[in-house]
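The structure appears below as structure tokens.
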Amino acid sequence: MSISHKLFGTLPDGRGVDVYTLRNASGVKVRILTYGGAIQQLYIPDRKGCFCDVLGGYDCLDSYVRGDGYQGALIGRVGNRIAKGTFTLDGKEYRMFINNGPNHLHGGEFGFNAKIFDVVATEDTDTPSLSLRYVSPDGEEQYPGTLTVTVTYTLTAENGLRIRYVATTDKKTILNLTNHSYFNLAGYATGSVLDHELYLDADTYLPTDTSLIPTGELRPVANTPFDFTVAKPIGQDIEADNADLTIAGGYDHCFNFRGGASHEPVLRATLYHRESGRKMDVYTNQPCVQVYTGNFLTNEEFPFKGNFAQRPRSFVCLETQHMPDSINHENFTDCTLSPGEVYDYTTEYRFSVE
């Protein structure tokens, strides 16, 4: 049980970026950057007790700054897409930065993934934790309101990585925070994730248009390739003759949990790699999860740790969140936050072996 930190790198403007390492009594280790709050490494054991890093990511700060994919980063203010970068809030129209085809993605030109977070607390106990804080000024990336965000990472004694997001605002705004970690439970440099078995407590998903904006329909997963209510390999249906899969080049869709958001985190997803025995249960009180199978990991300029080349479908992201483009769909989850309210959501990735 320990916390340590050191300099990870220096930005072109001279600001330093630290990396914090949290360890528990079982030997599980996680490394977190103050740049973007990115989870840079996560070492967990297999059924034989052998540890390996199960996260995508980079070895150096320059790749986190100039590379793509939002590797392991905190995403905000609004994760996922906003159609055509526009929304109306209380009669006022806001126009956002366009950075994904015709749409606004993951907070804009310089979202939370590109911010240095302040370390406001560490706790070196049986459950070491790190709290990061960022104050986003009114008008940053065209979002209204001064937003104060605190994200706390806790490494539990039961080998869980818990992420709690707490935020307040001084003006009505929109908010949808998440983490963009890429998982491969066989080890980050082992190749395809299509043999991983996935379970989702989700009975509907969101079809999209050709720019991956939800159409507004909540479509039942039953009798479609999107049915993970019984665990199955990710690759089992990924090549099915299905328009939604063809548009995205695989899975890049929002799955809606049965019953919506919960008061306390509950088990909503399980990822299992049979050969290693590693299992990851996802507990959350968020209403949805975006499942992304790394379909666009093709940038040869920025290889991953250990010079491992980017390859499509070598990782899977399970980004717990609200529905994409919620502000533009009356039937979607409410992504607004008003003064006096507290945005408070928790997701825990809990690891075990079978």
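Side chains are part of it too, since the values below use all heavy atoms of this structure and drop only hydrogens, waters and symmetry mates.
- Annotation: Tyr292 is not in aromatic contact with Tyr251 [ring centroid separation under 6.0 Å not met].
- Using a 4.5 Å heavy-atom threshold, the side chains of Tyr64 and Leu33 count as touching.
- Under a 3.5 Å cut-off, the side chain of Asn295 and the backbone N or O of Arg313 do not form any donor-acceptor pair.
- Under a 3.5 Å cut-off, the side chain of Asp237 and the backbone N or O of Thr224 do not form any donor-acceptor pair.
- In this structure, a donor-acceptor pair under 3.5 Å is present between the side chains of Asp325 and His329.
- With no hydrogens or angles considered, a side-chain donor-acceptor pair links Asp281 and Thr270 at under 3.5 Å.
- Side chain of Gln71 to main chain of Tyr58: no donor-acceptor pair is present (N/O by atom type, distance under 3.5 Å, no hydrogens or angles).
- Among residues two or more places apart in sequence or in another chain, the side chain to side chain donor-acceptor pair (under 3.5 Å) test is passed with Thr229 by Asp227.
- Within the 6.0 Å centre-distance limit, the rings of Phe226 and His253 are counted as a close aromatic pair.
- Electrostatic pairing of Lys48 and Asp46 does not count as a salt bridge here, judged by no charged N lying under 4.0 Å from a carboxylate O.
- Without hydrogens or angle criteria, Tyr165 side chain to Asn176 main chain gives no donor-acceptor distance under 3.5 Å.
- Aromatic ring centroids of Phe51 and Tyr43 lie 6.0 Å or more apart.
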